[in-house]
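Only one structure is covered here, and it is reproduced in the block below.
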Amino acid sequence: MAYRIAPSILSADFARLGEEIQSVIQAGADWIHFDVMDNHFVPNLTFGAMVCRALKPYAGETPIDVHLMVEPVDEMIAAFADAGANIISFHPEASRHIDRSLSLIHEKNIQAALALNPATPLNILENVMDKLDMILLMSVNPGFGGQKFIPAMRDKIRRLKKICDNYEHATGRHIAIEVDGGVNANNISDLVADGAEIFVAGSAVFGQNDYVAAINALKQGCLKG
Ligand code: DX5
Ligand code: ZN
């Protein structure tokens, strides 16, 4: 299994975002996670597609993983795809037509994912599995970095892993599970054991002084899972 660490720039120094992205990539980041908040779908406000476009050259070949916490989503899908996103996740509650929004992402020739809040049930995935490249499971309520991992989400990861395994068995198509919120070097091995493959880490990377040590600790944790 190829585990991936996706540092979230939500916890980076906003006055030096380009440099911060280069630093975590040098330190071993696999993806860069962009938390896009609109003070409507979530009670916080971050950045839009213009900032993504400005930062794209700093990410180079490293994939930009855009997590839209905005409502509505369709216009932002197009804007972020054109700004250099490689994968876009949105929350099903934020789209009137989930299937259409997923298609809009694929029409831009990039990967599509749904992001599920802690209380959002897995059955919302049932009719769109064929359009998903990844599923983002929130393990905190979206809106802020630095929150505590919600323990009940471990069982949700395990249940989702079974669904994805059954789907892969039937179709040959692998759908990766990304976990977002409260991931750190102490709990990451448990999450690997539960079936997650991609790990967003905000405070566990940008909140540390030594990014190399922080990312290594997360990668070491993955190997113990
Ligand atoms: C929360 C965001 C997360 C957040 C994670 O709404 O989606 O990506 O940045 O931060 P940590 O890793 O500090 O919980
Ligand atoms: Zn996120």
Side-chain angles (χ1 to χ4, degrees), residues 3-14 17 20-21 24 27 29-49 51-52 55 59 62-71 73 76-77 80 85-94 105 111-120 133-154 156-157 176-192 196-209 211 214-215 217-219 221-222:
Y3 300 108
R4 293 192 177 85
I5 307 297
S8 164
I9 59 169
L10 182 63
S11 297
D13 179 351
F14 272 29
L17 282 177
E20 289 273 71
I21 287 175
V24 288
D30 300 295
W31 288 5
I32 300 294
H33 188 79
F34 275 56
D35 283 309
V36 183
M37 304 184 185
D38 67 349
N39 190 37
H40 171 69
F41 184 71
V42 289
N44 201 356
L45 184 67
T46 56
F47 35 73
V51 174
C52 181
L55 292 173
T62 303
I64 293 185
D65 173 32
V66 171
H67 177 191
L68 294 179
M69 287 161 275
V70 304
E71 184 183 358
V73 297
M76 289 300 107
I77 284 170
F80 274 91
N86 298 87
I87 176 158
I88 296 183
S89 312
F90 67 88
H91 288 255
E93 297 87 347
I105 301 175
Q111 297 206 308
L114 277 179
L116 305 188
N117 281 334
T120 302
D133 300 297
M134 183 182 85
I135 295 154
L136 184 163
L137 280 193
M138 291 295 314
S139 37
V140 299
N141 287 294
F144 304 94
Q147 303 180 80
K148 271 213 168 67
F149 184 93
I150 298 171
M153 295 304 108
R154 286 197 58 192
K156 192 177 185 185
I157 299 169
I177 301 173
E178 178 175 48
V179 179
D180 185 3
V183 174
N184 58 48
N186 297 321
N187 62 14
I188 197 167
S189 54
D190 289 340
L191 310 179
V192 165
E197 265 174 70
I198 302 159
F199 301 93
V200 177
S203 40
V205 173
F206 285 109
Q208 312 300 310
N209 290 326
Y211 295 167
I215 292 175
L218 292 166
K219 289 191 170 175
C222 286

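One-based numbering, in listed order, for ligands and for the atoms of each.
Shown here are the salt bridge (charged side-chain N to carboxylate O under 4.0 Å, His left out) partners of Asp38, two or more places apart in sequence or in another chain: there are none. Annotation: side chain to side chain contact (heavy atoms under 4.5 Å, CB included) contacts of Asp30 (sequence neighbours excluded): Arg4, Ile5, Lys219.
Partner Asn86 forms a side chain to side chain contact (heavy atoms under 4.5 Å, CB included) with one of Ile64, Thr62, Ile32 and no other, that one being Ile64.
Residue-level contacts of ligand 1 at the 4.0 Å heavy-atom threshold are Ser8, Leu10, His33, Asp35, Met37, His67, Met69, Met138, Pro142, Gly143, Phe144, Gly145, Gly146, Asp180, Gly181, Gly182, Val200, Ala201, Gly202, Ser203.
Taking CD1 from Ile9 and CG from Leu55, the interatomic distance works out to 5.5 Å, rounded to the nearest 0.5 Å. The line from CG of Leu136 to CG of Asp65 is 7.0 Å long, rounded to the nearest 0.5 Å. To the nearest 0.5 angstrom, Met134 atom CE is 5.5 Å from Ile198 atom CD1.
The aromatic rings of His67 and His33 are tilted relative to each other, their planes meeting at an angle between 30° and 60°. Aromatic ring orientation, Phe41 versus His91: tilted (interplanar angle from 30° to 60°).
Shown here are the protein N/O/S atoms lying under 2.8 Å from the Zn ion (ligand 2), water excluded: His33 NE2, Asp35 OD1, His67 ND1, Asp180 OD2.
Neither side chain, Thr46 nor Asp35, offers a donor N or O lying under 3.5 Å from an acceptor on the other.
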